[in-house]
Structure formats: structure tokens, C-alpha cells
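Let me begin by presenting the structure, written as C-alpha cells, before commenting on it.
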Amino acid sequence: MLDPKLIRDTPDLVRAAIAKKHLDVDLDAVLAIDAAWRALLQEVEGLRGKQKAANTAMAALPKGSPEFVAKVAEMKAVSAQVKEREAALNETEAKFKQAMLTLPNLPHPSVPEGRTPEDNVVFSTHGDVNAVSAAAKPHWEIPGFDKLFDFARGSKVTGAGFPFYVGDGARIVRALLQFFLDEDGKAGYTEVNPPILVNAASATATGQLPDKEGQMYETTPDHLYAVPTAEVPLTNFFRDEIIDEAALPVKRCAYTPCFRREAGSYGKDVRGLNRLHQFDKVELLKWVHPSTSYTELDLLRDDAERILRKLSLPYRVLLMCGGDLGFVQSKKYDLEVWSGGQKRWLEVSSCSCFETFQSRRAQIRYRPKDGGKPELVHTLNGSGLAVPRVLAALLENNLQPDGRVKIPAALVPYFGKEHLTFA
RNA sequence: GGAGAGGUGGCAGAGUGGUCUAUCGCACCGCACUCGAAAUGCGGAGUGUCGCAAGGCACCGUGGGUUCGAAUCCCACCCUCUCCGCCA
């Protein structure tokens with residue numbers, strides 16, 4: 001959610017910023033509701049002031065006195081008026097809040113112009129793409145793949161996009177997760193094991209609701225949502241709380257399975273491990289002082305990159321353009337790993353700054369050192385990292401002529417042996 | 001799931017229809033005393049929102065209701081604790 005003062009005071013700046021995201025938003029309609037709300041507020045407050053004054057006067061009068069009775073009659077009319085005007089106020093306020101939720105976060109000035117994914121800027125490239133054998137094949141074509149990553153049985157038991165991981169398949173997932181968590185711990189992130197079902201208030205605070213309602217699995221009869229990312233429970237940890245400025249930045253990481261319905265993306269990049277309804281991911285999260293957020297974003301991105309470097313996987317970093325930025329982000333980098341078998345880049349991490357967009361919805365603030373009024377923190381997050389696509393690249397890039405997959409040195413202590421075998 | 005108790009400011013804890021503008025205490029900040037500190041004394045201090053400002057209004061778990069007037073009475077829901085049941 002944006003600062004209401006910002007849209008009131010500088011509507012043209014807000015309009016221009018939204019235009020950079022290429023979203024169609026009727027800001028004037030929002031401003032009109034805001035004006036109506038403020039007019040009603042003044043009216044109701046005046047009436048309530050009258051009531052309070054009468055209340056004080058009546059407290060000093062004898063209960064049955066003629067003056068008292070006359071006051072009661074007089075205030076009955078005011079009371080009815082308050083009820084009527086208050087109902088209008090509440091209705092307008094609800095409309096205003098609803099309208100505010102439809103406004104996207106504003107992009108940072110450093111975000112490049114652009115409309116589509118093709119307009120994203122390649123920020124940096126690491127490792128040698130050509131070092132991967134030209135004969136590499138897509139991971140789903142590797143002999144024995146179906147034994148370790150059993151999609152057929154997953155479909156039978158649950159549905160498409162819910163594979164079983166078996167033997168070395170299960171083991172490599174566990175090794176990657178533990179490696180990720182250990183690396184994130186070394187980088188100063190405190191490990192958290194959060195709930196993976198969240199309520200509607202939490203999903204609203206991080207921006208999944210109401211914008212992406214259909215993308216989450218919802219449970220009945222309790223109406224809880226299966227988390228699409230650990231970002232949701234992690235960010236909400238501090239919902240409605242005030243943090244000491246001295247504690248900033250707060251850095252946390254969490255592993256959770258992630259559940260995504262991926263409605264509308266059927267048939268697109270869905271082969272093998274590329275896009276699943278359930279997958280494993282470690283998420284990095286920071287709550288920071290507003291003056292440091294973009295420095296912290298660079299550091300967070302580097303924390304995610306370091307893991308890819310340790311796994312010796314070629315990757316590149318994209319700086320997302322305005323049109324591909326997303327609703328809630330003010331700036332975003334995507335990390336893409338080179339998939340030597342598919343001959344394409346796979347997104348394995350998305351590192352974003354939200355400024356106060358989430359913290360305003362979630363009411364997460366810090367108490368300034370000088371004892372002043374609480375201020376909203378900035379929130380940042382990024383994957384560190386998502387397992388299936390890292391795994392896809394690993395399988396493809398490291399497949400040897402003998403049919404085994406060479407495990408990167410950094411991962412060997414976790415995996416327990418130097419090769420993964422499909423036999 | 002059943003029965004009972006309870007949710008009030010950072011913490012603790014009064015308040016059962018009208019100066020509640022929410023008592024007292026602890027912790028906190030400032031000042032005084034002190035070489036400095038402790039102790040003591042005096043003063044300050046919640047959150048949100050509207051307003052250029054003066055100031056106003058709201059907030060006692062959440063949402064409704066009764067009333068001229070609700071922290072207080074009524075209804076529903078949420079959460080916490082105790083006991084019972086079930087259970088990894």
C-alpha cells in the first residue's frame with residue numbers, strides 16, 4: 001500500500017511512476033474517494049464533539065431534572081445523525097482502503113524503462129556457459145530420470161506438478177536445502193522454521209491478496225492458505241510490531257515447501273522440474289532502515305549469488321524493467337542459472353525491495369534511536385535458493401559420459417558421495 | 001471436541017453506565033541532589049488519524065447491538081490459560 005499522503009500531495013509523480021510499470025490505474029477515482037472520506041470525517045468528528053460536550057454537561061445535572069430531560073431529547077436527534085453519517089463514513093473508508101490496495105508499488109528511479117521481459121537489463125554474467133558440453137540434454141531426457149523423480153506416481157497420488165523424489169533424488173534435495181541454510185546462516189541470517197499455512201491477514205500484508213487470490217491453495221473449512229513462499233509467514237513475523245532501530249537490519253532465512261497453483265500457465269515451461277505446484281525453497285528476508293534499503297538489496301543479491309558460485313553453476317543477473325517488475329516490488333533482480341541441456345536460463349532467485357509497501361500493510365515499524373515517532377521499516381527478500389531449477393541445471397550441466405552426475409565439491413559433504421547415479 | 005476462567009498502554013494491574021481526558025506501580029526519558037552512581041525528589045512520556053495551525057476525533061481482543069451517553073450492559077466471533085477427551 002502506498003502512503004495516502006503521497007497520492008494526495010503529489011498525484012502527478014505517482015501517476016508517472018505507475019505508468020512506468022505499464023499498469024492501468026484510475027488514480028483520480030481514488031483521489032475522489034479520499035476527498036469524500038475526509039469531508040465525512042470532519043462532519044462526524046464535529047457531531048461527536050457535540051455529544052461529548054453534552055455528556056459532560058449532563059453528568060453534572062440531577063438525573064430527573066427538567067434540564068436533563070430536555071438535553072436527552074435534544075441529543076437524541078444528534079445521536080441519530082451521528083449514526084447515519086458514521087455509516088456513510090465507514091462505507092467510504094472501506095471503499096478507500098479497497099481502492100488503495102489496487103495501487104501498485106512505485107518503481108525506484110534506477111529501474112530501467114521497458115514493457116516486457118525482453119526489456120530487462122542483463123546486469124552481470126558469471127561462469128562459462130560454453131564449459132557445459134554441447135551434448136548436454138534436458139534433464140527429463142536423462143536415462144533413469146523417472147526413477148529418481150517420479151512424476152507419474154506423483155500425478156496418481158496428488159496431481160501433475162507434485163513429483164516424488166526417490167533415492168538419490170530425495171537425497172540431493174535434502175543436501176541442497178541444508179547447504180543453502182548453512183550458507184545463509186554464515187551470511188548472518190537467523191534460521192526460522194515457520195508455519196506453512198497462513199491466514200488471510202498475513203497473505204494480504206505481503207500482497208498475495210487480493211492481487212493473486214487464485215494462485216494460492218486454500219484449505220477448507222478453516223480458510224487458511226498454503227504458502228506460495230516462506231516470504232509470507234516470515235514477513236508477518238513482525239506484523240503489528242515496533243522494532244528497536246538498534247536491532248536493524250534484522251536478517252532471517254527459512255526453508256519451506258512452496259505451493260503454487262500456477263493457474264493460467266499450463267503448457268508453458270512445464271517439462272520436468274521447471275515448474276511445479278510444490279517445490280522446496282529457502283527464502284532470505286531483511287527488515288531494514290529506509291536509508292539503507294538499496295545497499296541492503298545489493299548485499300542480499302550477493303548472498304544469493306555466492307551460493308551459485310560455490311556450486312560452480314554459470315548464471316546471470318537481470319535487472320527487471322518497469323513493465324516486468326511486479327505489483328509489489330520497487331526494484332527487483334532475477335538470478336538465472338544456465339541450463340546446459342535446455343540451452344536456456346532458468347530463474348532460481350528473485351531479489352526484491354518493497355520499501356514500505358509491505359510494511360505499511362503489515363504495520364511493521366521501528367522506533368528511532370532519538371525516541372521519535374515509529375517509522376515504517378523497508379522489507380527486502382530473495383530466494384536463497386529455489387531447489388528444483390538449481391537441481392535441473394546441476395543434473396544437465398554435470399552429467400558425465402558414464403551417466404552419472406558429478407556433485408560440486410562444496411556439496412559433497414552434504415550429499416555424502418561424489419556422484420549421483422540414476423541406476 | 002467438552003467445561004471453566006480471562007483478554008485494558010512496553011510490562012504488571014485497578015476500573016461494572018456519566019469530568020475515564022483510563023488509577024497506582026515497574027521499566028523509560030529529562031532535571032535536581034552527587035566527584036560519579038545508587039537511593040530520593042520534581043517533571044515528561046501511548047498509538048492512529050484529520051487540520052496550515054490552534055486543536056479536534058478515535059483506540060480498553062474483533063465486529064455488531066442497547067442507551068442522550070459504553071472499558072463497563074447484551075449478542076456473535078477470534079485468541080490465551082486451566083482441566084477433560086483425542087492424538088504425532
Side-chain angles (χ1 to χ4, degrees), chain A residues 1-11 30-101 193 195-205 209 218-225 233 236-248 250 257 356 359-377:
Chain A
M1 197 153 64
L2 298 175
D3 186 351
K5 286 194 183 72
L6 191 68
I7 69 163
R8 254 173 234 155
D9 299 344
T10 56
V30 181
L31 287 169
I33 298 170
D34 179 44
W37 172 70
R38 280 188 291 168
L40 279 165
L41 184 68
Q42 306 242 353
E43 204 182 335
V44 167
E45 286 191 355
L47 288 168
R48 276 207 279 245
K50 256 197 216 175
Q51 276 188 312
K52 281 183 79 165
N55 204 14
T56 308
M58 287 169 79
L61 290 172
K63 275 272 161 61
S65 68
E67 295 95 327
F68 190 93
V69 173
K71 266 292 189 203
V72 168
E74 183 193 335
M75 294 318 291
K76 264 191 193 204
V78 176
S79 180
Q81 209 180 347
V82 166
K83 263 192 188 127
E84 189 267 319
R85 294 279 76 187
E86 215 167 30
L89 178 69
N90 289 340
E91 192 185 324
T92 308
E93 188 168 329
K95 263 191 208 162
F96 180 63
K97 277 190 180 150
Q98 201 55 45
M100 287 302 291
L101 287 179
N193 190 332
I196 59 173
L197 294 180
V198 295
N199 56 33
S202 295
T204 304
L209 293 177
E218 187 180 356
T219 68
T220 51
D222 297 308
H223 298 292
L224 297 173
Y225 297 89
N236 279 279
F237 186 92
F238 290 116
R239 177 148 55 87
D240 298 321
E241 293 191 27
I242 299 172
I243 304 169
D244 277 338
E245 180 177 346
L248 300 179
V250 178
T356 60
S359 57
R360 181 171 288 102
R361 288 182 177 208
Q363 283 301 301
I364 304 171
R365 294 171 291 172
Y366 68 94
R367 171 92 52 196
K369 282 194 184 105
D370 62 18
K373 292 276 180 190
E375 302 279 349
L376 295 166
V377 300

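Note that these values count all heavy atoms, side chains included, but never hydrogens, waters or copies made by symmetry. So you know, we letter chains A, B, ... as the sequences are listed, proteins then strands, and number each from 1.
- A salt bridge (Lys or Arg N to Asp or Glu O under 4.0 Å) check over residues 49-61 of chain A, counting only residues at least two apart or in different chains, returns nothing.
- Comparing the P positions of B:rG44 and B:rC59 gives a spacing of 26 Å, expressed to the nearest Å.
- Here A:K97 pairs with A:E93 in a salt bridge; the nearest charged N to carboxylate O distance falls below 4.0 Å.
- Checking A:A60 against A:L41, the closest nucleotide of RNA chain B that is more toward the 5' end is the one next to A:A60.
- The number of heavy-atom neighbours closer than 6.0 Å to CZ of A:F237, taken from other residues, nucleotides and ligands shown, is 12 or below.
- If you check every strand for non-hydrogen atoms under 4.0 Å, A:T56 touches nothing.
- Using P as the reference atom, B:rG25 and B:rC35 are 30 Å apart when rounded to the nearest Å.
- In this structure a side-chain-to-backbone donor-acceptor pair under 3.5 Å is missing from A:S359 to A:L376.
- Residue A:K50 is classed as having no contact, given no heavy-atom separation below 4.0 Å to the nucleic acid.
- Taking atom P on both nucleotides, B:rG43 is separated from B:rC24 by 12 Å, rounded to a whole Å.
- With C1' as the reference atom, B:rU8 and B:rC83 are 27 Å apart, rounded to whole Å.
- Distance check on atom P: B:rG10 versus B:rU47 gives 8 Å, rounded to whole Å.
- Among the heavy atoms of the strands, none lies under 4.0 Å from A:K71.
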Structure string for RNA chain B in dot-bracket form, Watson-Crick and G-U at under 3.5 Å, | interchain: ((((((((.[[...)..(......]].(((((.......))))).(((((....))))).[[[[[..)....]]]]])))))))....

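- With P as the reference atom, B:rG9 and B:rG61 are 8 Å apart, rounded to whole Å.
- Under a 3.5 Å cut-off, the side chain of A:D244 and the backbone N or O of A:A246 do not form any donor-acceptor pair.
- With RNA chain B read from its 5' end, the first of the two nearest nucleotides for A:N55 and A:E45 is the one closest to A:N55.
- Comparing B:rG64 with B:rA70, their C1' atoms sit 14 Å apart, to the nearest whole Å.
- Mapping heavy-atom proximity under 4.0 Å, the span of RNA chain B touched by chain A runs 5' to 3' from B:rG18 to B:rG69.
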